[in-house]
Amino acid sequence: MLNVALKEAVLRLVLPLVQTPGQYIGGELNAVCKDHRQLRGKLCLAFPDVYAIGMSCHGLQVLYAIMNGLDDWCCERAFAPGVDMESLLREHCLPLYSLESFTPLVAFDVVGFTLQHELCCSNVLTMLDLGGIPLRSEQRTMEHPLVIAGGPCAANPEPMSRFIDLFVIGDGEEMLPRVCEEWVRLKASDMERGEALAAMARLPHVYVPSCYEAEYAAGRFLGLRPKQAGLPEVIEPAVVADLDAVPLPTRPVVPYVECVQDRIAIEIMRGCPWRCRFCQSTTLKRPLRFRRIETILEAARESYQNTGHNEISLLSLSTSDYPRFDELLAQLQAAFRPIGVAISVPSLRINEQLRTMGLQLGTDRHSGLTVAPEAARDELRQRIGKNIRNEDLFEGCRQAFAAGFHRVKLYFMCGLPGEQPEDLDAIIELAEAISELGRQVSGRLATVVANVSNFVPKPQTPFQWRAMQTREYFHEAHARLRRRRRLRSVQVKCHDVEASLLEGVLARGDRRLGLAIESAWRQGARFDSWTDHFRPSLWWDALAQEQIDVAQILHSPALPQDRLPWDHIGVRQGRAYLQREGMRE
C-alpha cells in the first residue's frame with residue numbers, strides 16, 4: 001500500500017537534488033507490491049550499501065523471491081542512502097523508506113540486514129536511525145520492528161550485537177520465513193520485548209545477543225554464557241539439505257540504474273570442495289551441494305524471458321568444480337549463444353579445466369580472465385591450503401590469449417602466515433611472465449592486473465588463531481611490490497592498509513566494540529569500504545576513546561585453548577577441525 005504523501009515529498013523536495021535519483025524511486029520490472037491491509041506480516045530487506053551494490057547481491061534476490069512467494073507476507077527493499085540523500089532526508093525530517101511502497105522502516109514487522117562485509121556496519125546505524133528505529137536493541141519496544149541480520153559477518157556477530165536483535169546463522173532460505181512467522185505470533189501476544197526475544201532465542205540456528213552474557217577478566221574476553229537454562233552454548237548453522245529443491249529467483253528485480261552486476265545470476269552449487277585455510281566462505285558454506293543441469297537450464301530460460309538480460313553468470317565459490325561443468329557449459333552455450341546471450345564464469349579454479357576455459361567461453365563481451373592464485377610460490381600455497389599449479393595457470397592463460405582474451409586479473413594476498421620476501425617478489429615475476437606470454441601468443445604484451453589484498457585472519461577459519469601483520473609490514477610489502485615491477489603492461493593494485501586493519505578489528509573483536517562503532521558513526525563514519533568516504537582517523541579515535549586494545553585484537557596470536565569472541569557460533573565441521581587444520585604446518 002503506497003505511502004503517497006511520503007513519495008510526493010521525496011519526489012518534490014529530495015530527488016531533484018541527489019545523484020542517481022533512479023536508485024531511490026522503486027517501480028522496477030519484477031518488483032513486487034502488495035496491499036499491506038491484506039497481509040499477516042511485512043518484512044523489509046535492508047542492504048547496508050548503495051543500491052548499485054545491493055541489487056547485485058544474489059542472496060537478496062533469493063530471499064526477496066522466497067518471502068514474496070508467501071501469500072500473507074510482503075517483502076520490500078531498502079538500501080543505504082548516499083550522503084547527499086541522507087542529508088536531505090534529515091533536513092526535511094523524512095524517514096528512510098522501502099522502495100516498493102515508500103513505507104518507513106519503523107512500520108515493518110521485521111527489518112533484515114545482509115551483512116556482507118565488516119566495513120558496512122556504520123551504514124546499518126544510518127539506516128536504523130533514518131528509518132525511525134532506535135539504534136540499540138535495548139531501547140526498542142514491541143512497537144518497533146524485530147531487527148535481524150545474517151550473512152558472512154554473522155560468523156562473528158559480537159561487534160554488532162548491541163544493534164541487532166537476532167542473528168540467523170547459516171542458510172537463510174528456510175529460517176527467514178520461520179523467524180518472521182514466530183515474531184508476528186509473539187507480537188500478537190501481551191509479551192514484553194525482552195520476553196519475546198527470549199522466546200525467539202529457543203528457535204534453532206538463531207542467536208539473540210541479549211540472551212547471552214559476556215565474561216571478562218582483567219579486560220580479557222573469557223567467553224559467553226546463556227542467561228537462561230535450555231539455551232545452547234553453541235548455535236549451529238542452518239543448512240539447506242537439498243539445494244536443488246530451493247527455487248531460484250527467476251523473476252529478479254531489474255534495476256533502473258547501472259549496477260555492479262547487470263546480469264542474470266544463477267547459483268549452480270553451494271560450498272567448495274577445497275580446504276583453503278584462509279577462506280571463511282569455504283567453511284561457512286559447507287557441505288557441498290549441487291543443482292541439477294536441468295534445474296539450471298530451466299531457471300536460465302525463465303530468467304532470460306523475465307528480464308531480457310544478455311548475460312548469465314554461473315555462481316559458486318568454485319564454479320569450474322561443478323561435477324558436470326563441461327556438459328553444463330555446452331548446453332548453456334547451445335541454448336543461449338544463438339540469441340546473443342553470453343555465459344560468464346566468475347570463479348575459476350586454477351586446475352586442468354582452466355586450460356580449456358577460454359575456448360569454451362569464447363570472447364562474447366569478454367576480453368579478460370580473472371583467477372585467484374592467492375600466492376605466487378608453491379611452498380606458500382601449500383602452507384595456506386591452496387593446492388594449485390602455475391603450469392595450469394600458464395596454459396589456461398595461453399589458451400585464453402589464443403581465443404582473443406587480452407587481459408588477466410590476478411588476486412593475491414600479502415601478509416599470509418609464513419610469507420617470505422621472495423613470495424612478494426614472485427607475485428611480480430608471475431604477473432610479468434603472464435604478460436610476456438601474451439606477447440608470445442598474440443604478438444603484444446597482455447595487460448595483467450595484480451590485485452593484492454592484505455590478509456585478515458577471519459573468524460571460523462583455520463587461521464583464526466593467527467596474528468595479522470602490522471601497518472608497517474603492509475606498507476613495506478606494497479612498496480617492495482611496486483619497486484619490483486618493470487613492465488608497464490603490469491598494474492599492481494594494493495588494498496588500503498587502514499581499511500584492512502579496521503576490517504580486522506571489526507571481524508575479530510568482541511561486543512565491547514559496539515560503543516566504538518556508535519561513536520565513529522556519530523562522528524560521521526559512512527561507507528567505510530569506499531575510498532572517497534573512508535576516514536580512518538574517526539575509527540582510531542573512537543576505538544581509543546572506548547579503550548579498545550587494537551593491538552591485542554589484531555597482532556596477538558591466540559592459543560588453542562583461548563576462548564574466542566565467536567566460539568558460540570558453530571560451523572559444520574566444528575572447532576576441533578579448525579584447530580587441527582590451523583595448527584598443522
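Just so it is clear, the values below take in all heavy atoms, side chains as well, and ignore hydrogens, waters and symmetry mates.
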For [X] against [Y], the heavy-atom pair lying closest together:
X	Y	result
Asp84	Gln19	OD2-N, 2.9 Å
Leu115	Ala149	CD1-CB, 3.8 Å
Gly570	Pro237	O-CD, 3.5 Å
Gly582	Arg466	O-NH2, 3.1 Å
Cys494	Leu481	SG-CD1, 4.3 Å
Arg277	Pro462	O-CD, 3.2 Å

Between [atom1] on residue [X] and [atom2] on residue [Y], distance to nearest 0.5 Å:
X	Y	atom1	atom2	answer
Phe534	Asp496	CZ	CG	6.0 Å
Leu424	Glu476	CG	CD	10.5 Å
Lys386	Cys276	NZ	SG	4.5 Å
Leu393	Leu369	CG	CG	8.5 Å
Ser316	Asp321	OG	CG	7.5 Å

Worksheet entry | Derivation of the side chain to side chain contact (heavy atoms under 4.5 Å, CB included) call for Met85 and Tyr24 | CA-CA 9 Å; Met85 181 69 167; Tyr24 302 119; 3.5 Å; yes
Counting only pairs under 3.5 Å, give me each side-chain donor-acceptor contact of residues 561-569, with atom names and distances, residues two or more places apart or in other chains.
from   : atom 1 : to     : atom 2 : distance (Å)
Asp562 : OD2    : Leu559 : N      : 2.8
Trp566 : NE1    : Gln464 : OE1    : 2.6
Asp567 : OD1    : Arg575 : NE     : 3.1
Asp567 : OD2    : Leu564 : N      : 2.8
Asp567 : OD2    : Arg575 : NE     : 3.2
Asp567 : OD2    : Arg575 : NH2    : 3.3
His568 : ND1    : Pro565 : O      : 3.3
His568 : NE2    : Glu158 : OE2    : 3.1

Response to the item:
Of Val50, Leu60, Asn123, the one forming a side-chain contact (heavy atoms from CB on, under 4.5 Å) with Phe79 is Leu60
Worksheet item: For Ser489, which of Leu445, Val448, Val449 qualifies under side-chain contact (heavy atoms from CB on, under 4.5 Å)?
Response: Leu445
Classify the side-chain pair [X]/[Y] by whether it contains a donor and acceptor separated by less than 3.5 Å.
X	Y	result
Trp539	Glu498	no
Gln460	Thr283	no
His478	Asn454	yes
Gln399	Glu395	yes
Thr282	Trp274	no
Ser500	His495	yes

Has [X] got a side-chain atom pairing as donor or acceptor with [Y]'s backbone, closer than 3.5 angstrom?
X	Y	value
Arg512	Gly219	yes
Thr319	Leu314	yes
Ser435	Ala431	no
Gln573	Leu578	no
Ser442	Gly438	yes
Gln382	Glu379	no
Asp541	Leu538	no
Asn156	Ala507	yes
Thr114	Gln116	no
Arg508	Pro457	yes

Worksheet entry | Where at least one partner belongs to residues 523-532, residue pairs that pass salt bridge (charged side-chain N to carboxylate O under 4.0 Å, His left out), sequence neighbours excluded | Glu86-Arg526
Worksheet entry | Residue pairs fulfilling salt bridge (charged side-chain N to carboxylate O under 4.0 Å, His left out) with at least one residue in residues 112-130, sequence neighbours excluded | Arg90-Asp129, Glu118-Lys458
Worksheet, complete the sentence: Residue pairs meeting ring-ring contact (aromatic ring centres under 6.0 Å, His included), one or both in residues 414-472, sequence neighbours left out, come to Phe455-Phe463
Under 3.5 Å, side-chain donor or acceptor atoms of residues 544-556 against the rest of the protein: list the pairs with distances, not counting sequence neighbours.
from   : atom 1 : to     : atom 2 : distance (Å)
Asp549 : OD1    : Ala551 : N      : 3.4
Asp549 : OD1    : Gln552 : N      : 3.0
His555 : ND1    : Met468 : O      : 2.8

Discussion item. Determine whether Phe474 and Cys414 satisfy the following criterion, side chain to side chain contact (heavy atoms under 4.5 Å, CB included), listing intermediate values before the conclusion.
Written reply: CA-CA 7 Å; Phe474 287 124; Cys414 72; 3.7 Å; yes
Determine whether [X] and [Y] make a side-chain contact, defined as any pair of heavy atoms from C-beta on separated by less than 4.5 Å.
X	Y	result
Phe278	Val456	no
Gln469	Leu416	no
Arg439	Arg444	no
Met55	Cys259	yes

Discussion item. Taking side-chain hydrogen bond (donor to acceptor under 3.5 Å, both in side chains) as the cut-off, I'd like each qualifying pair that reaches into residues 409-424, sequence neighbours left out, listed once.
Written reply: Arg377-Asp423, Glu419-Tyr473
Set of salt bridge (charged side-chain N to carboxylate O under 4.0 Å, His left out) partners for [X], sequence neighbours left out:
X	value
Arg522	Glu518
Arg381	Asp378
Arg484	Asp425, Glu429
Asp171	Arg270, Arg289

Worksheet item: Between His533 and Phe527, how do the two ring planes meet: parallel, tilted or perpendicular, split at 30° and 60°?
Response: tilted
Worksheet item: For Ser56, what residues pass the side-chain hydrogen bond (donor to acceptor under 3.5 Å, both in side chains) criterion, not counting sequence neighbours?
Response: none
Discussion item. Restricting to side-chain contact (heavy atoms from CB on, under 4.5 Å), what partner residues turn up for Ser281, sequence neighbours left out?
Written reply: Cys279, Leu317
Worksheet item: Hey, does the Lys NZ or Arg CZ of Arg535 hover above the aromatic six-ring of Trp530, less than 6.0 Å from the centre and inside 45° of the axis?
Response: no
